[in-house]
Colleague: 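Got a structure for you, questions after.
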Amino acid sequence: MIAFISGPVAALAPATAVIEVGGIGMAVQCAPGTLAGLRIGQEAKLATSLVVREDSLTLYGFADDDERQVFELLQTASGVGPRLAQAMLATHSPDALRIAVATGDEKALTAVSGIGKKGAQKLLLELKDRLGEPVGAHIGQQGIGTAVSNSWRDQLQAALIGLGYATREADEAVTAVTPQAEAALAEGGQAPVPQLLRAALQTLNRAR
C-alpha cells in the first residue's frame, strides 16, 4: 500500500493532481478541497489510498490520514465505491460524516450527489458502528452535518487559481455559478463544490 506521497506539484486538473516523486509523475485523484490547497511548483504531501481493479490502479489523495481512513471505511458499506466515498468527503468533513451517521441525519447524506433517501437510510445502518467518534477539536461549534462546502466560494476560487486562472477570472467564474450554489442551499442541501467547479471551468472555457 502507498500510504503517502510527497514532492513538488507538477500539474493540476479539476479532479487530479500530479506529484513528482523520484522523477516520476504520480497522478492522484483528489477532492476539490484538497486540490485547493495545492500549488504548481510547491511541495506537497498527500495521504493516499491505492484502489486496485482488474483493469486499473487508481491512487486517491487526501489532505490527512483521517480523511484517508474515513475514505476506506466508507467503502466497507455495500454499494459504496471509491468515487462515491470521495464525493462524500468532498461534501462533508470526516467529523461531519461521523456526526451525521451517529445522529441518523439522512439529510446530510442526501446532500451528496448520488445518494438518495433509501441509499442514505441504508448507509446510516451499515456505517453506524464503523466510523467511530468525532475527533475534531471544534465539534461543538460545527453542528450536525456541517459540510466542507460551507466555504464553497473560497474553495472554488482557490481551486481555479491553483489551476492557473487569474484572480479576476476566478472571481467571474465564481459569480457565474453563484445562482447554482444558492439554489442548492435554498433547498436545504449543501453547495456541491465538484459540480460547481466543473460549471465554473465550462464558463471560463466559453469566455476564452
Colleague: Return the CD to CG distance between Gln180 and Leu196, rounded to the nearest 0.5 Å.
Modeller: 5.0 Å
Colleague: Look only at the side chain of Thr175 and the backbone of Asp171, and say whether a donor-acceptor pair between them is shorter than 3.5 Å.
Modeller: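 A pair under 3.5 Å: yes.
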Colleague: Any side-chain heavy atom of Pro82 sitting closer than 4.5 Å to one from Gln75?
Modeller: yes
Colleague: A side-chain contact here means heavy atoms from C-beta on lying under 4.5 Å apart; do Ile115 and Leu84 qualify?
Modeller: yes
Colleague: Between Arg98 and Asp66, is there a side-chain N and carboxylate O pair less than 4.0 Å apart?
Modeller: yes
Colleague: Can you tell me how far apart OH (Tyr60) and CD (Gln86) are? Round to the nearest 0.5 Å.
Modeller: 6.0 Å
Colleague: Report yes or no: does Ser93 contribute a side-chain atom to a donor-acceptor pair with the main-chain N or O of Leu89 at less than 3.5 Å?
Modeller: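 Here the side-chain-to-backbone pair does not exist.
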Colleague: Could you tell me which non-hydrogen atom of Pro94 sits nearest to which non-hydrogen atom of Val70, and how far apart they are?
Modeller: CB-CG2, 3.8 Å
Colleague: Starting at CG of Asp64, measure out to CD of Gln69 and round the result to the nearest 0.5 Å.
Modeller: 10.0 Å
Colleague: Does Thr48 reach the main-chain N or O of Ile2 with its side chain, forming a donor-acceptor pair under 3.5 Å?
Modeller: yes
Colleague: Can you check whether Leu74 reaches Leu97 side chain to side chain, under 4.5 Å on heavy atoms?
Modeller: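 Leu74 reaches Leu97 side chain to side chain.
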Colleague: Do you know which two heavy atoms are closest between Ala108 and Ala100, and how far apart they sit?
Modeller: CB-CB, 3.8 Å
Colleague: Could you give the distance from OG (Ser78) to CD (Glu126), rounded to the nearest 0.5 Å?
Modeller: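 Nearest 0.5 Å value for the OG-CD distance: 3.5 Å.
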Colleague: How would you list all residue pairs meeting salt bridge (Lys or Arg N to Asp or Glu O under 4.0 Å) that involve residues 68-93, not counting sequence neighbours?
Modeller: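 Output for this query lists Asp65-Arg68.
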Colleague: Please check if the side chain of Gln42 supplies one atom and the backbone of Leu38 the other of a donor-acceptor pair under 3.5 Å.
Modeller: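 No: the side chain of Gln42 does not pair with the backbone of Leu38.
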Colleague: Looking only at non-hydrogen atoms, find the nearest pair between Leu35 and Ala13 and report the distance.
Modeller: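 Nearest heavy atoms, Leu35 then Ala13: CD1-O, 3.5 Å.
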Colleague: Keeping the roles fixed (side chain from Glu20, backbone from Val9), state whether a donor-acceptor pair exists under 3.5 Å.
Modeller: no
Colleague: About how many Å separate CD of Glu67 and CG of Leu46, when rounded to the nearest 0.5 Å?
Modeller: 10.0 Å
Colleague: Between Thr16 and Leu12, is there a donor-acceptor pair closer than 3.5 Å when you use the side chain of the first and the backbone of the second?
Modeller: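 No, the answer is negative, given that no donor and acceptor are paired below the 3.5 Å cut-off.
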Colleague: Is there a side-chain contact between Gln29 and Thr58 in this structure, where contact means two heavy atoms from C-beta onward sitting under 4.5 Å apart?
Modeller: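 Answer yes - side chains close enough.
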Colleague: Compare every heavy atom of Leu127 with every heavy atom of Ala77, then report the nearest pair and how far apart it is.
Modeller: CB-CD2, 3.9 Å
Colleague: Do you know which two heavy atoms are closest between Thr203 and Ala176, and how far apart they sit?
Modeller: CG2-CB, 3.9 Å
Colleague: So do the side chains of Val51 and Arg53 get within less than 4.5 Å of each other, counting heavy atoms only?
Modeller: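 Val51 reaches Arg53 side chain to side chain.
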Colleague: Would you check if there is a donor-acceptor pair between the side chains of Thr76 and Arg130 at a distance under 3.5 Å?
Modeller: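 Looking only at side-chain atoms, Thr76 and Arg130 do form a donor-acceptor pair, the distance falling under 3.5 Å.
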Colleague: I need the His92 NE2 to Leu109 CG distance, nearest 0.5 Å.
Modeller: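 Separation between the atoms: 6.5 Å.
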Colleague: Heavy atoms only: give me the nearest Met26-Ile5 pair and the separation to one decimal.
Modeller: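 What the structure gives for the nearest pair is CB-CD1, 4.2 Å.
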